[in-house]
Number of protein chains: 2
Amino acid sequence: MEYAGRGDPARTMALLWDGVPPAPRRGPRPRLDLDRLVDTAIAEADRTGPAALSMRSLAQALGIGTASLYTYVPGKAELLELMVDRVVGAQPLPPTGAGWRAGLHHLATEDLAAFRAHPWLLQVAASRTVFGPHVITRYEAALSLLDGYGLPAIEVTGCVAAVESYVRGAASAVVEAEQAPARTGSTDQEWWERRLPYLTERMDGRFPRLDALERAGGFTVSDTTLPYTLQRALDRFAYGFDLVLNAIGTRIAASGSPP
Amino acid sequence: MEYAGRGDPARTMALLWDGVPPAPRRGPRPRLDLDRLVDTAIAEADRTGPAALSMRSLAQALGIGTASLYTYVPGKAELLELMVDRVVGAQPLPPTGAGWRAGLHHLATEDLAAFRAHPWLLQVAASRTVFGPHVITRYEAALSLLDGYGLPAIEVTGCVAAVESYVRGAASAVVEAEQAPARTGSTDQEWWERRLPYLTERMDGRFPRLDALERAGGFTVSDTTLPYTLQRALDRFAYGFDLVLNAIGTRIAASGSPP
DNA sequence: AGAAACATCGTACGGTGTTCGTAGTATTTG
DNA sequence: CAAATACTACGAACACCGTACGATGTTTCT
């Protein structure tokens, strides 16, 4: 999942920003266009899981030979970048004029939805920021949400970065909860029924705080440490995001200028 | 980097919680012990990068045959889990009695340090929570930091989860900034000098907010979107973490009971 | 018609995690 | 003491992976 940034920057930048270069004059027509390739790759990655996308299976899904892929794309790393920017491009931008809080909320909700629909985003985007047009457009929109409230530039970028960081981290917990059954090949209940005996035996009495939580709030160990219930994970996402928004609100209030 | 949770849970749990099982009575003595194996794996992963750890190279570093590794560990997935729990076990626990803020600050600082020292943690821990004794001990300690302030249980777990989510997301930005030069094989400056011409040409005039930031605050595009300067990334980490802590403080204050 | 430019793709290379079967060794048993 | 036993060690092989190379076929321009 690393695929160091091999290809020369010019080629990658051109693919991201200009799409496919002008059609060449000679030789046989390409059977594919870049859009179809990237779309198929996204669908395939969604279907088969994050790391399971292989150039061979992608080529097969497209009905072409494996080596032919390299006519369109320098390598897998660049393909992944194109996939990221394309997914981001499909997200709606936050509404302007509804206030910073509604705007950031919209942004985070869309991001969470994208991470859930395309879990591989978490692994790709975690290792390197993609410098595509849609990614930057979205970042620009996020910055403008905090414009006009008197926040200094350094704080605007800081707040947006904080939101992005939190969303990425919390979304990965949500995705984990959502994917746990599929990955283990069994239902949540089976998964826990098989592990709980070992855990309870080992944990017995050694973790008073967790025990207290279990007695007081009806949390089981499985519920607190790893919120395997999707609903619990979503609740946590919302709770923590509210914390972040509240903190941003305090900074805005402290900066003087009203909305 | 997926390595679905193959091995049976009993074996994995036993490895995590009980260490190596009682020494067998017959047959040749094992040449290795589990601790040495895991330690070497950690060192190797630190040295060669996240995904570059291979069972073959690890075996070579240990001076044994590749297949022999599977005598000690069911597979790579389980080995990675052992590595995670071992790293977490090496972290100091937050001081009790210094207050929740100091405690959480200590926790986050140590986590960030661990992510920087072992970048592969971000990719391993992102996909599944490791249920090892040290991980749970650390979680227990985090919970107890917020004990006694009158926060309801659901909020205690919510706040700890929020901190963890933020730290994971923000740390990945820091690590990205720190590793960028090594990954691209060139210095920051070279990397940007090669890409900036293409970027500025494409971005010219299309992103007024970013342009304004550049004019006003001395931010370059490279500085805002991807904080390739390590110092800037660290500043952002601290700023956002302060936001989260402030929000938690507000919740605590609203819950009545003083420290 | 011939040359040049291009897409296609079978094949091969060096890597990966893991399995299998066998060889070897130390303890326990008869 | 010898034989059975239970264990470690590991070379070889399997099924994959991303990618480079070179041959082949197709289209367009001269």
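Throughout, protein chains are lettered first and strands after them, A, B, ... in sequence-line order, and every chain is numbered starting at 1. All of these numbers come straight from a predicted model, not from anything done at the bench.
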Problem set entry | For atom CZ of R36(A) and atom C1' of dA7(C), their distance in whole Å | 15 Å

Problem set entry | Gap between atoms CG and C1', on L69(A) and dA20(D) respectively (whole Å) | 14 Å

For this session: Give the rounded distance in Å between these two atoms: CZ of R56(A) and P of dG15(C).
Result: 16 Å

For this session: Return the value, rounded to whole Å, for the distance between atom CG of L62(B) and atom P of dC10(D).
Result: 11 Å

Exercise. In whole angstrom, what separates L79(A)'s CG from dG18(D)'s C1'?
Worked result: 12 Å

Exercise. Are S68(A) and T71(A) linked by a side-chain donor-acceptor pair shorter than 3.5 Å?
Worked result: no

Where do N or O atoms of nucleotides 8-10 of chain C meet protein N or O atoms at under 3.5 Å, pair by pair?
| from | atom 1 | to | atom 2 | distance (Å) |
| --- | --- | --- | --- | --- |
| dT8(C) | OP1 | R31(A) | N | 2.9 |
| dT8(C) | OP1 | Y72(A) | OH | 3.4 |
| dT8(C) | OP2 | Y72(A) | OH | 3.0 |
| dC9(C) | OP1 | R31(A) | NH1 | 3.1 |
| dC9(C) | OP2 | G65(A) | N | 3.0 |
| dC9(C) | OP2 | S68(A) | OG | 3.2 |

For this session: Flag yes if more than 12 heavy atoms outside Q91(B) fall under 6.0 Å of its CD atom; otherwise flag no.
Result: yes

Seminar exercise, completed: By ring pair (Phe, Tyr, Trp, His ring centres under 6.0 Å), H134(B) pairs with (sequence neighbours left out) none

For this session: Please determine, by modelled atom types, if T129(A) and E176(B) share a side-chain donor-acceptor pair under 3.5 angstrom.
Result: yes

Exercise. Given atom CD of Q60(B) and atom C1' of dA9(D), what is their separation to the nearest angstrom?
Worked result: 17 Å

Problem set entry | Euclidean distance, atom CZ of residue R26(A) to atom C1' of dT30(D) [Å, nearest integer] | 8 Å

Problem set entry | Interatomic distance, E44(A) CD vs dC17(D) P [rounded to whole Å] | 12 Å

Exercise. Any donor and acceptor pair, going by atom type alone, linking the side chain of K76(A) with main-chain N or O of S54(A) inside 3.5 Å?
Worked result: no

Exercise. In terms of side-chain geometry, is the basic nitrogen of R202(A) or D18(B) positioned less than 4.0 Å from the acidic oxygen of its partner?
Worked result: yes

